[in-house]
2 protein chains.
Amino acid sequence: MPQTNLRSAARYGTRPTMKDVAARAGVGLKTVSRVVNGEPGVTPETERRVQESIEALGFRRNDSARVLRKGRTASIGLVLEDLADPFYGPLSRSVEEVARAHGALLINGSSAEDPDREQELVLALCARRVDGLVVIPAGDDHRYLEPELKAGVATVFVDRPAGHIDADVVLSDNFGGARDGVAHLIAHGHRRIGFIGDMPRIHTAAERLRGYRAAMEDAGIPVADSWMSLGVTDPERVRGAAEEMLTGRDPVTAIFAANNRVTVTVIRVLAEQARRVALVGFDDIELADLLQPGVTVVAQDAAAIGRTAAERLFRQLDGTLVAPERIELPTRLITRGSGELPPAD
Amino acid sequence: MPQTNLRSAARYGTRPTMKDVAARAGVGLKTVSRVVNGEPGVTPETERRVQESIEALGFRRNDSARVLRKGRTASIGLVLEDLADPFYGPLSRSVEEVARAHGALLINGSSAEDPDREQELVLALCARRVDGLVVIPAGDDHRYLEPELKAGVATVFVDRPAGHIDADVVLSDNFGGARDGVAHLIAHGHRRIGFIGDMPRIHTAAERLRGYRAAMEDAGIPVADSWMSLGVTDPERVRGAAEEMLTGRDPVTAIFAANNRVTVTVIRVLAEQARRVALVGFDDIELADLLQPGVTVVAQDAAAIGRTAAERLFRQLDGTLVAPERIELPTRLITRGSGELPPAD
DNA sequence: CCCGAGCCTGACAACGTTGTCCAGGCTCTA
DNA sequence: TAGAGCCTGGACAACGTTGTCAGGCTCGGG
């Protein structure tokens with residue numbers, strides 16, 4: 001039963017160290033270190049003996065000890081809201097790719113949109129001495145990061161700016177995107193346009209709401225309170241909100257859904273309606289083009305956001321960057337049908 | 001310009017250590033350690049002084065040093081194919097949740113389905129001394145993990161079994177799921193059923209193909225080679241393969257798409273067809289219920305797979321588990337319309 | 001008043017690696 | 001043949017933390 005052996009070895013398992021390798025190869029400790037790190041100054045013959053011992057013992061350098069000595073961990077942390085969200089998967093992946101290009105590993109954490117959990121995660125990453133942090137903030141006060149910044153932890157915020165500290169931030173043009181999306185509906189004849197979005201304490205949600213208001217104002221359309229639903233997120237309540245603005249007095253002929261989860265729920269609601277209601281969503285969703293009608297969206301490029309943030313982070317580590325900056329990436333309106341439906345009363 | 005200060009501090013940034021805290025508080029090193037770790041035996045007054053110093057200096061314990069001393073890192077590694085794939089997001093998230101419940105962090109890596117990269121990642125994680133590994137293997141030989149297993153790194157494979165080593169594996173019933181899906185098509189009158197899947201060297205792909213063949217054989221239907229497309233993955237070639245089996249002689253009346261990416265492409269192809277072709281896909285896809293017709297799928301529960309794997313991993317670390325096991329989770333056929341279409345010649 | 005028990009506290013070694021520095025042996029040249 | 005210079009290899013300290021252990025203090029009882 002080989003597995004039993006493995007598992008009991010595991011219990012008492014102790015790994016070989018460079019010292020063990022050195023002893024077996026009959027060389028000094030430092031020589032092993034040189035071989036492991038590909039440093040010059042080792043005879044081929046000696047190197048061969050050392051390699052042989054490494055193989056035989058299954059030695060693997062202990063990076064904790066290495067980090068302790070060298071100061072850099074070659075790893076960066078990414079704190080986001082929820083890895084299961086289709087927006088964050090590609091973002092995380094693109095951060096990972098950039099990290100990999102710089103020889104760094106990525107440690108991921110989901111804050112679940114909870115400020116305390118965000119802080120807990122960030123500090124845990126700092127305790128592990130990540131070289132840098134990409135943070136999609138849940139909270140709005142990041143002063144707890146000051147000692148870390150002082151200590152040289154490269155930091156880039158994504159999607160929402162940092163609170164009360166001066167740091168790089170990479171985000172989409174939420175305001176402009178939302179304004180364009182709503183203007184698109186207006187251009188197609190709509191005047192009674194609903195808005196369903198997240199709590200305005202979330203920066204992106206607030207910006208998108210501002211974009212909605214701006215577009216309406218630009219068109220000289222007064223906004224009825226009953227057209228706006230702020231702060232609902234769970235599908236059941238989004239559904240309720242949508243139904244209400246569709247059936248109340250002054251019913252809307254179009255809906256602007258301010259994020260991907262809301263969009264999906266609204267699509268479901270609209271599918272049940274007799275009347276054709278126009279829809280523009282913020283964030284692209286998979287298969288949006290295959291629905292009837294196709295879903296018109298204001299798309300963010302999650303991969304580009306992640307890449308930009310990560311590259312900036314490594315430029316901080318290089319020392320290439322000096323002053324924190326705010327980088328806004330444009331959104332893209334993708335017309336597929338649902339946003340071009342005419343008003344139907 | 002506060003940012004400039006921060007950044008230049010960063011350049012020369014050095015973090016306070018327990019020694020610094022101790023000096024400032026006028027206590028011994030070990031006392032600081034005790035306070036930081038909440039160990040008993042410190043006067044409230046002393047503790048207060050230490051806490052004050054910690055705050056003032058922005059001290060954060062260095063976990064690398066801690067790990068070096070204690071042996072456990074409280075982190076686990078997850079190597080998967082591509083975090084941007086909607087199947088892996090929820091899986092990763094559920095692993096993270098279990099890790100969190102055990103006070104561990106999760107380090108993620110994408111192998112991009114490349115065996116060398118898988119090994120590179122796994123070994124990098126081992127060098128960082130993760131306590132455990134969840135691996136979705138890309139390669140089929142994992143003997144390189146033997147020293148790690150011996151050293152006590154808890155390991156669970158997911159989605160596909162390990163090659164040449166004896167380790168836990170958690171996966172879906174790929175064979176049964178595919179067989180059921182194909183049988184479902186047969187039950188609705190189809191006989192000429194196409195199969196589009198990944199390279200059979202990938203375990204899941206091979207199992208699903210086996211399920212397809214079994215269902216066909218059970219029904220006494222001989223399979224034409226032109227109905228099977230193996231090893232194509234990129235959308236363009238999947239499209240070509242689908243079109244070929246739809247238009248060749250002996251054209252299929254139904255297609256079994258063996259993974260989510262294939263399914264999506266096939267949906268696009270079928271949308272362009274005049275004739276109604278039935279479809280069952282392996283893996284659920286978002287919005288599948290909103291398409292016309294809804295997409296019938298064999299669904300895996302990614303979150304359950306991740307959770308099961310992670311829980312098993314921590315049970316290995318507890319010492320609760322002894323012998324490696326193979327755990328197969330059932331799939332679920334979700335009928336939504338596309339799989340119930342009758343054959344149309 | 002003295003002694004022992006018990007509680008705080010701190011000195012010291014160790015974890016595994018890397019940087020520094022020096023020793024010894026070799027080659028090459030004068 | 002001797003000296004200079006180079007190359008290889010190893011001893012040792014240090015990184016920041018925690019476990020061990022011993023010392024000093026206080027307090028109560030004899």
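Here is how names work: the chains are called A, B, and so on, in the same order as the sequence lines, proteins then strands, and each is numbered from 1. Because the structure is a prediction, the values reported are computed rather than measured.
Taking the six-membered ring where tryptophan is involved, the planes of B:H142 and B:F157 are perpendicular, since the angle between them exceeds 60° and thus also 30°.
Side-chain atoms of B:R160 come within 3.5 Å of backbone atoms of B:P137 as a donor-acceptor pair (strictly under, hydrogens ignored). In this structure a side-chain-to-backbone donor-acceptor pair under 3.5 Å is missing from A:Q316 to A:A154.
Following rounding to the nearest Å, A:L68 (CG) and C:dG19 (C1') show an atom-to-atom distance of 13 Å. With rounding to whole Å, B:R129 atom CZ is found 9 Å from C:dG16 atom P. Between the CZ atom of A:R128 and the P atom of D:dT17 there is a distance of 14 Å, rounded to whole Å. One interatomic measurement links the two molecules: CZ of A:R72 to C1' of D:dC15, which rounds to 16 Å at whole-angstrom precision. Rounded to an integer number of Å, the gap from A:K19 NZ to D:dG10 C1' is 14 Å. The distance between atom CD of B:E45 and atom P of D:dC25, rounded to the nearest whole Å, is 18 Å. The interatomic distance linking A:M18 (CE) with C:dG19 (P) rounds to 10 Å, in whole Å. Summarising the geometry, the separation between CZ on A:R69 and C1' on C:dT17 is reported as 8 Å, rounded to the nearest angstrom.
Residue A:R66 has no polar side-chain atom (N or O) positioned under 4.0 Å from OP1 or OP2 of D:dC15.
Of the residues in residues 24-43 of chain A, A:L29, A:K30, A:S33, A:N37, A:E39 come within less than 4.0 Å of DNA chain C through at least one heavy atom, sorted by number.
A salt bridge links B:R49 with B:E45: the closest approach of a Lys/Arg side-chain nitrogen to an acidic carboxylate oxygen falls below 4.0 angstrom. Using a cutoff of 4.0 Å between basic side-chain nitrogens and carboxylate oxygens, B:R307 and B:E97 are not scored as salt-bridged. Under the 4.0 Å criterion applied to side-chain N and carboxylate O atoms, A:R201 and A:E113 are not assigned as salt-bridge partners.
Ranked by how close their nearest DNA chain C nucleotide is to the 5' end, A:S64 and A:K70 are led by A:S64.
Among the atoms of the strands shown, only primed sugar atoms or phosphate atoms (P, OP1, OP2) are found under 4.0 Å from some heavy atom of A:T46.
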Which atom pairs, donor and acceptor, lie under 3.5 Å between side-chain atoms of residues 22-31 of chain B and protein residues at least two apart or in another chain?
{"unit_1": "B:R24", "atom_1": "NH1", "unit_2": "B:E52", "atom_2": "OE1", "d": "2.9"}

